[in-house]
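Labels below follow one simple rule: chain letters A, B, ... track the order of the sequence lines, proteins then strands, and each chain is numbered from 1.
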Number of protein chains: 2
Amino acid sequence: MPTHANNALHPTGLAQKLADSGLRTTPQRELVYDVLLTKRDHPTADEVFARVKPELPGISLATVYNCLETLVQCDLVRAVNFERGPTRYCPNLRPHAHFHDEATGQTHDIDLPPVLFAKLKAELPAGFDANAVEITFRGKAKTSLD
Amino acid sequence: MPTHANNALHPTGLAQKLADSGLRTTPQRELVYDVLLTKRDHPTADEVFARVKPELPGISLATVYNCLETLVQCDLVRAVNFERGPTRYCPNLRPHAHFHDEATGQTHDIDLPPVLFAKLKAELPAGFDANAVEITFRGKAKTSLD
DNA sequence: CAACAAATTGGAATGATTCTAAGGTGCAAA
DNA sequence: TTTGCACCTTAGAATCATTCCAATTTGTTG
């Protein structure tokens, strides 16, 4: 039985998906993934680095970038970009949009009914075949929400 | 009567909107705007620079960035970002989405019925007040389209 | 255990953009 | 019309996120 403290956070997902791609489960990858699952505030690579360092003081920023890229490749995490700001990372795999609060800089997940994504794709003229749609709202969130 | 060669391209828009913001009409700003209107392929700042230089050999890249920023501020042009790539510029002011062709890297405008934008905003939970929605499709355009 | 592939690391390199300081430019008031 | 002044442009330096690189470490497999 595994003894890693945070194992409960990713019961089978991480090791499984990594193995599926022929990749190894490393302490760095586990920890980076844990950090994303634990505080789902769309952190940047730098922020992930800061949260990870106390646990694994020897980790390098390059490794954090590598791990994040790996997690994205394995479909465990999504990279989110907002107007040339640093890339943010999101472990929410459901199809959803993002709301960028102009006042606080915070990013919120917005769940949308799948039918809406379908309707959008249906609007594409013939000849356009989309395999992904990204939707980003920009504005102000009146109260402090999650 | 004005004698500027490209004046037909921006009959009143540019000078007017600049004046509205208390800004001057300069040869650099006119030319950058002309370039955007003439070839609407969502060029980057570097590409705009390349197209502008033959007309105005002394222009600097910094100025191109400045002009583009000014045009965006005046609501004459929209800045478009796609996953940390360089910012692209688009003089299409109608509300529309973008389709990013993964094969060619080209960006296409996709006009969407305004009601769809409204429907999207209607999905936002209470407390979220969006003043803009950005929609980006990613995929392949089967044939070569505009 | 030996050999080899996969991962990590620190630092250098890159690319887009912004900043800075130093001239130009042109309207406006005297 | 001169002079003042705010606006603009310019070249180059600086910045920031990210990627690349070469060397080392780690883990797995024969």
| query | Atom CG of A:Asn81 and atom P of D:dT18: how far apart are they, to the nearest Å? | reply | 8 Å

| Nearest-Å distance, CG (A:Leu68) to P (D:dA17)? | 14 Å

| message | Counting only side-chain nitrogens and oxygens, does B:Thr87 get under 4.0 Å of the OP1 or OP2 atom of C:dA16? | response | no

| In whole angstroms, how far is the P atom of D:dA17 from the CD atom of B:Glu83? | 19 Å

| request: Rounded off to whole Å, could you give me the CZ-to-P distance for the A:Phe49 and D:dT18 pair? | output: 14 Å

| Which of parallel (below 30°), tilted (30 to 60°) and perpendicular (above 60°) describes A:Phe137 and A:Phe99? | parallel

| said: If I take atom CG in residue B:Asp46 and atom P in nucleotide C:dT18, what distance separates them, rounded to the nearest angstrom? | reply: 13 Å

Please produce a list of atom pairs where a protein N or O lies less than 3.5 Å from an N or O of nucleotides 8-11 of chain D.
{"unit_1": "D:dC8", "atom_1": "OP1", "unit_2": "B:Arg24", "atom_2": "N", "d": "2.4"}
{"unit_1": "D:dC8", "atom_1": "OP1", "unit_2": "B:Arg29", "atom_2": "NH1", "d": "2.9"}
{"unit_1": "D:dC8", "atom_1": "O5'", "unit_2": "B:Arg29", "atom_2": "NH1", "d": "3.4"}
{"unit_1": "D:dT9", "atom_1": "OP1", "unit_2": "B:Thr26", "atom_2": "OG1", "d": "2.6"}
{"unit_1": "D:dT9", "atom_1": "OP1", "unit_2": "B:Gln28", "atom_2": "OE1", "d": "3.3"}
{"unit_1": "D:dT9", "atom_1": "O3'", "unit_2": "B:Gln28", "atom_2": "NE2", "d": "3.2"}
{"unit_1": "D:dT10", "atom_1": "OP1", "unit_2": "B:Gly58", "atom_2": "O", "d": "3.1"}
{"unit_1": "D:dT10", "atom_1": "OP2", "unit_2": "B:Ser60", "atom_2": "N", "d": "3.2"}
{"unit_1": "D:dT10", "atom_1": "OP2", "unit_2": "B:Thr63", "atom_2": "OG1", "d": "2.5"}

| message | Under 4.0 Å, counting only non-hydrogen atoms across every strand here, what does A:Thr44 touch: a base, just sugar-phosphate, or nothing? | response | nothing

| message | Without decimals, in angstroms, what is the distance between B:Arg84 CZ and D:dT19 C1'? | response | 12 Å

| message | If I take atom OH in residue A:Tyr65 and atom C1' in nucleotide C:dT14, what distance separates them, rounded to the nearest angstrom? | response | 13 Å

| query | Of the non-hydrogen atoms in A:Gly105 and A:His100, which two are nearest, and what is the gap between them? | reply | O-CE1, 3.6 Å

| remark: From CD of A:Gln73 across to P of C:dA6 the rounded distance in Å is 16 Å

| task | For the pair A:Lys140 and A:Glu102, find out whether any cationic side-chain nitrogen is under 4.0 Å from an anionic carboxylate oxygen. | result | no

| query | Strictly under 6.0 Å, is that where the ring centroids of A:Phe128 and B:His108 end up? | reply | yes

Listed pairs under 3.5 Å, donor-acceptor, residues 70-80 of chain A side chains, sequence neighbours left out:
{"unit_1": "A:Thr70", "atom_1": "OG1", "unit_2": "A:Asn66", "atom_2": "O", "d": "2.9"}
{"unit_1": "A:Gln73", "atom_1": "NE2", "unit_2": "A:Glu69", "atom_2": "OE2", "d": "2.7"}
{"unit_1": "A:Arg78", "atom_1": "NH1", "unit_2": "A:His96", "atom_2": "ND1", "d": "3.4"}

| request: Kindly write out the residues that satisfy side-chain hydrogen bond (donor to acceptor under 3.5 Å, both in side chains) with B:Ser60, not counting sequence neighbours, or none if the list is empty. | output: B:Thr63

